[in-house]
Amino acid sequence: MRALLLVNPMATSTNRRTRDVIIRALGAAVDLTVEETGYRGHGTLLAATAREKGYDVVAVLGGDGTINEAVNGMVRGERPAPALIVIPGGSANVFARSLGLPNNAVEATGAVLEALREGRRRPVGLGQAIWADGDLDDQPVGDEAEPEHHQGRHSRYFTFCAGLGFDAEVIRAVEGLRSAGYKASPARYIHTMLRHYLITDRRHPALRLERPRQRPLDGLLLAIISNTSPWTYAGNRPITPTPWAGFDTGLDMLGLRRMGPATMFGLTRQIVGERVGLPRGRHFVHLHDEDEFTLVARRPMAFQLDGDYLGERERVTFRSIPSALHVLV
């Protein structure tokens, strides 16, 4: 079995010694090639090359952003997509933890090696975001940065979440802090979220929800789109605004019509920790198991996929792609 291991050398929760241990362990089980990512979009290019060369497996040692890049390279093209191995190496590791993997890279390696020996793999659905040319802050870095760009349309897959509005503003700010040398951490995200809550526009809802064969719904301030649950983690505590979301169903969404202190406090109280029921509140809008919907903004709004800021958008269509890839887990 031929496998390509993509390593993000800048991953926040691994070091050279850990990476060497993991490489040796995987190399003893498969015919392994190792590549390090060197720039934004590099993981997409490397994973797409592995698919075209007929690799059986693409393994990723890195965070959610590196995994997102690899997935976008794997699932496009004429050849069958390789199977995916995920080894968490980032700060949150939402996708890996949603699959039930340990949050420790070495322990997760043991789990995926067991899956390899037993031939265990599971189908995983993906989300897909589609937008048109003309939105602000398009940030392609070569062809690999925008995996699909045809007739003025861009698309990108996501594994666990997307967002338009406040959550993407927070991610944009944290990415700026990381570029300045600060380390991403739950405390950093919480501090940034509180600071941006004070400056974001909470008075003028700008989002409209459009669904096929249904009337549009206006008046949303933000929208959280989920392909699985949890949406993210605060340390070891899951954050579950869409607890019914899963890799075997369509997309879920939580929209907010108000973002006043009482609304946000009530939402926070309901979504921190393991939850079964939906958050309850008269200013909440829920979608569950949707095949497709579109968010239209009256002004450019920050946009993120899998925790990566992707510029400002005014219209994004979200689709569910069932059983898009297989994960060894």
Side-chain angles (χ1 to χ4, degrees), residues 40 63-65 67-69 72 90-92 94-95 127-132 134-140 145-146 154-179 182 184 186 188-209 220-228 230-234 239 241-242 245 251-259 264 267-268 271 284-285 287 293-319:
R40 184 167 183 157
D64 290 309
I67 293 167
N68 178 280
E69 288 189 6
N72 273 277
S91 57
V94 178
F95 184 59
Q128 184 185 31
I130 304 165
W131 64 95
D135 281 346
L136 302 182
D137 290 348
D138 282 322
Q139 300 175 334
E146 292 291 356
H154 303 258
S155 80
R156 183 159 168 172
Y157 296 96
F158 58 97
T159 62
F160 64 93
C161 81
L164 205 60
F166 177 65
D167 67 318
E169 293 175 11
V170 173
I171 287 170
R172 175 173 58 191
V174 171
E175 285 191 3
L177 291 170
R178 292 183 67 180
S179 298
Y182 293 93
R188 182 82 59 198
Y189 274 97
I190 291 170
H191 178 266
T192 305
M193 178 186 69
L194 293 173
R195 180 163 54 87
H196 269 262
Y197 176 74
L198 298 175
I199 63 175
T200 193
D201 187 347
R202 292 177 277 129
R203 296 181 178 274
H204 304 98
L207 286 173
R208 181 173 74 246
L209 171 66
L220 298 180
L221 281 161
L222 69 82
I224 293 170
I225 298 97
S226 298
N227 188 47
T228 189
W231 170 57
T232 190
Y233 289 84
I239 310 298
T242 52
L251 298 176
D252 286 25
M253 189 198 80
L254 172 65
L256 266 63
R257 295 177 179 271
R258 297 286 186 274
M259 288 180 60
M264 298 305 289
L267 175 64
T268 301
I271 67 175
F284 302 160
V285 175
L287 298 183
F293 57 88
T294 299
L295 292 171
V296 183
R298 290 204 299 265
R299 60 177 183 270
M301 301 187 75
F303 172 55
Q304 66 89 10
L305 294 179
D306 283 350
D308 274 356
Y309 174 67
L310 294 178
E312 294 187 330
R313 310 286 175 228
E314 295 182 77
R315 182 183 184 93
V316 184
T317 295
F318 299 93
R319 291 177 181 165

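Predicted, not measured: the structure shown is a model, and the values here were computed from it. Heavy-atom basis, side chains included; hydrogens, waters and symmetry copies ignored.
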[atom1]/[X] to [atom2]/[Y] distance, rounded to the nearest 0.5 angstrom?
X	Y	atom1	atom2	result
Leu221	Leu164	CG	CG	11.5 Å
Gln128	Tyr157	CD	OH	4.5 Å
Leu295	Thr317	CG	OG1	8.5 Å
Ser226	Phe318	OG	CZ	11.0 Å
Trp231	Cys161	CH2	SG	7.0 Å

More than 12 heavy atoms of other residues, nucleotides or ligands under 6.0 Å from [atom1] of [X]: yes or no?
X	atom1	answer
Arg258	CZ	no
Arg203	CZ	no
Arg202	CZ	yes

Does a side-chain heavy-atom distance below 4.5 Å link [X] with [Y]?
X	Y	answer
Leu220	Arg257	yes
Ser155	Ile130	yes
Phe158	Asp308	no
Asn227	Leu251	yes
Thr232	Asp167	no
Leu209	Leu287	yes
Glu312	Arg299	no

If you compare all heavy atoms of [X] against all heavy atoms of [Y], which two are closest, and at what distance to 0.1 Å?
X	Y	result
Met301	Gly165	CE-CA, 3.8 Å
Ala223	Met253	CB-SD, 3.9 Å
Ala173	His196	CB-NE2, 3.3 Å
Phe303	Ala168	N-CB, 3.5 Å
Asp306	Thr159	OD2-N, 2.7 Å
Arg315	Trp131	O-CB, 3.6 Å

With side-chain contact (heavy atoms from CB on, under 4.5 Å) as the test, would you mind laying out the steps for Leu177 and His191 before giving the verdict? CA-CA 12 Å; Leu177 291 170; His191 178 266; over 6 Å; no
Looking only at atom types and distance, does a side-chain atom of Arg298 sit under 3.5 Å from a main-chain N or O of Pro205, one as donor and one as acceptor?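 Such a contact is found between Arg298 side chain and Pro205 backbone.
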When you measure from the side chain of Tyr197 to the backbone N and O of Met259, does any donor-acceptor pair fall under 3.5 Å?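 Pair found, side chain donor or acceptor close to backbone of Met259.
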Would you please test Val316 and Thr294 for side-chain contact (heavy atoms from CB on, under 4.5 Å) and show each step? CA-CA 6 Å; Val316 184; Thr294 299; over 6 Å; no
Full working for side-chain contact (heavy atoms from CB on, under 4.5 Å) between Glu169 and Ile199: CA-CA 11 Å; Glu169 293 175 11; Ile199 63 175; over 6 Å; no
Could you walk me through whether Phe284 and Leu256 pass side-chain contact (heavy atoms from CB on, under 4.5 Å), step by step? CA-CA 5 Å; Phe284 302 160; Leu256 266 63; 4.2 Å; yes
Does the side chain of Asn68 pick up a donor-acceptor pair with the side chain of Asn72 at under 3.5 Å?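 Yes.
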